[in-house]
Amino acid sequence: MNVHVPYTVIFQDDNTGSVSSEVTPAPVDSLAAQEYITKACPKGKHVVALLRGVHSVIPGVPVSA
């Protein structure tokens, strides 16, 4: 049985550096969740942090460097 739990994933945009997050289901096992989320990461973004559970979501807001 493949059980998924909610994870809060923090992404960073590769071009702008903007940080955003979303809650997504992933496997219970942390290493399996890391692999699962990394593969599902939207193009042009990379995973900064992966937190088990539901946490505040950060909307992506471009900022000047």
Side-chain angles (χ1 to χ4, degrees):
M1 186 154 93
N2 195 4
V3 178
H4 284 148
V5 296
Y7 279 84
T8 301
V9 185
I10 301 175
F11 297 107
Q12 184 171 26
D13 188 280
D14 294 337
N15 296 321
T16 64
S18 175
V19 176
S20 62
S21 66
E22 67 180 47
V23 176
T24 187
V28 174
D29 178 67
S30 296
L31 291 175
Q34 181 181 6
E35 183 177 318
Y36 179 85
I37 296 293
T38 301
K39 286 182 180 179
C41 184
K43 188 173 177 114
K45 294 186 179 187
H46 64 272
V47 177
V48 175
L50 184 62
L51 305 154
R52 185 178 296 169
V54 178
H55 301 276
S56 300
V57 173
I58 306 165
V61 180
V63 296
S64 59

same_hphob_cluster(I37, V3) at 4.5 Å side-chain heavy-atom cutoff: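 Same cluster: I37 reaches V3 through Ile, Leu, Val, Met, Phe, Trp or Tyr contacts under 4.5 Å.
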Side chain to side chain, L50 and T38, heavy atoms closer than 4.5 Å: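 Heavy-atom side-chain distance check fails, nothing below 4.5 Å.
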How close do [X] and [Y] get, counting heavy atoms only, and between which atoms?
{"X": "D13", "Y": "T16", "result": "OD1-N, 2.9 Å"}
{"X": "P27", "Y": "A32", "result": "CB-CB, 3.9 Å"}
{"X": "K45", "Y": "D14", "result": "N-OD2, 3.5 Å"}
{"X": "V48", "Y": "Q12", "result": "CG2-CB, 3.5 Å"}
{"X": "V47", "Y": "F11", "result": "CG2-CE2, 4.0 Å"}
{"X": "T8", "Y": "S21", "result": "CG2-CB, 4.3 Å"}

Which residues share a ring-ring contact (aromatic ring centres under 6.0 Å, His included) with H4, sequence neighbours left out: Y36
